[in-house]
Amino acid sequence: ITLKMDNKDVANYLYTTREAQALLKGGVQRMYVGNLKVGEHELVAFFTGKGPNQRDYKRGANLKFTKGVGAKYLELKISDRAAKAQPDFVIKEWE
């Protein structure tokens with residue numbers, strides 16, 4: 001996973017097999033903690049990996065959001081989309 005915040009690389013992570021197994025069982029990982037100014041921002045996430053049938057993929061997801069005073073939490077979620085035999089990527093903004 002590669003994360004960009006406002007067109008700047010802020011995090012890169014390559015998962016081991018054991019870490020990927022933990023995520024499949026519902027585990028979570030904190031990817032980035034930063035101090036953003038109040039206002040408009042954009043998060044872009046690139047996912048690279050192997051999907052069903054060992055097919056390589058590279059996909060992206062993005063979210064434009066407004067940062068106010070206080071903490072802001074965003075969730076990157078990867079789920080299986082069996083109908084298309086491809087993973088589905090979503091960025092969720094927590095209220």
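Residues: numbered from 1 along the sequence shown. Just so it is clear, the values below take in all heavy atoms, side chains as well, and ignore hydrogens, waters and symmetry mates.
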**Q** Kindly state each residue pair satisfying ring-ring contact (aromatic ring centres under 6.0 Å, His included) with at least one member in residues 20-39, sequence neighbours excluded.
**A**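 Every pair satisfying ring-ring contact (aromatic ring centres under 6.0 Å, His included) with a residue in residues 20-39: there are none.
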**Q** Verify the cluster assignment for Leu36 and Val44: are they in a single hydrophobic cluster under the rule of side-chain heavy atoms below 4.5 Å apart?
**A**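 Not linked; separate clusters.
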**Q** With hydrophobic residues grouped by side-chain heavy-atom distances under 4.5 Å, do Leu74 and Val38 end up in a single group?
**A**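 Leu74 and Val38: separate clusters.
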**Q** Parallel under 30°, tilted from 30 to 60°, perpendicular over 60°: which one fits the rings of Phe89 and Phe47?
**A**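 Judged by the thresholds at 30° and 60°, the geometry between Phe89 and Phe47 is parallel.
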**Q** Within the side chain of Asn62, is there an N or O that forms a donor-acceptor pair under 3.5 Å with the backbone of Leu43?
**A**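 Here the side-chain-to-backbone pair does not exist.
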**Q** Report yes or no: is the cationic atom of Lys4 (NZ for Lys, CZ for Arg) closer than 6.0 Å to the six-membered ring centre of Phe46, at no more than 45° off its axis?
**A**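 Ring-cation test returns no.
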**Q** With Lys72, which residues qualify under salt bridge (Lys or Arg N to Asp or Glu O under 4.0 Å), at least two apart?
**A**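 Scan of Lys72 (salt bridge (Lys or Arg N to Asp or Glu O under 4.0 Å), adjacent residues dropped) gives Glu93.
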**Q** Check for me, please, whether Ile78 and Met31 land in the same ILVMFWY cluster - side-chain distances under 4.5 Å, paths through other members count.
**A**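 Ile78 clusters together with Met31.
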**Q** Donor-acceptor pairs under 3.5 Å, side chain of residues 12-23 to any protein atom, not counting sequence neighbours: which ones?
**A**
residue: Asn12; atom: OD1; partner: Thr2; partner atom: OG1; Å: 2.9
residue: Tyr13; atom: OH; partner: Glu19; partner atom: OE1; Å: 3.3
residue: Tyr13; atom: OH; partner: Glu19; partner atom: OE2; Å: 2.6
residue: Tyr15; atom: OH; partner: Gln29; partner atom: OE1; Å: 2.6
residue: Thr16; atom: OG1; partner: Glu19; partner atom: N; Å: 3.1
residue: Thr16; atom: OG1; partner: Glu19; partner atom: OE1; Å: 3.3
residue: Glu19; atom: OE1; partner: Thr16; partner atom: N; Å: 2.9

**Q** Restricting to non-hydrogen atoms, name the atom on Leu3 and the atom on Ala45 that form the minimum distance, rounded to 0.1 Å.
**A**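 Closest pair (atom of Leu3, atom of Ala45, distance): CD2-CB, 3.6 Å.
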**Q** To the nearest 0.5 angstrom, please state how far the CD1 atom of Ile91 sits from the CD atom of Glu42.
**A**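 Reported value, rounded in 0.5 Å steps: 9.0 Å.
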**Q** Distance-only, no hydrogens or angles: does the Lys67 side chain make a donor-acceptor pair with backbone N or O of Gly70 under 3.5 Å?
**A**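 Here the side-chain-to-backbone pair exists.
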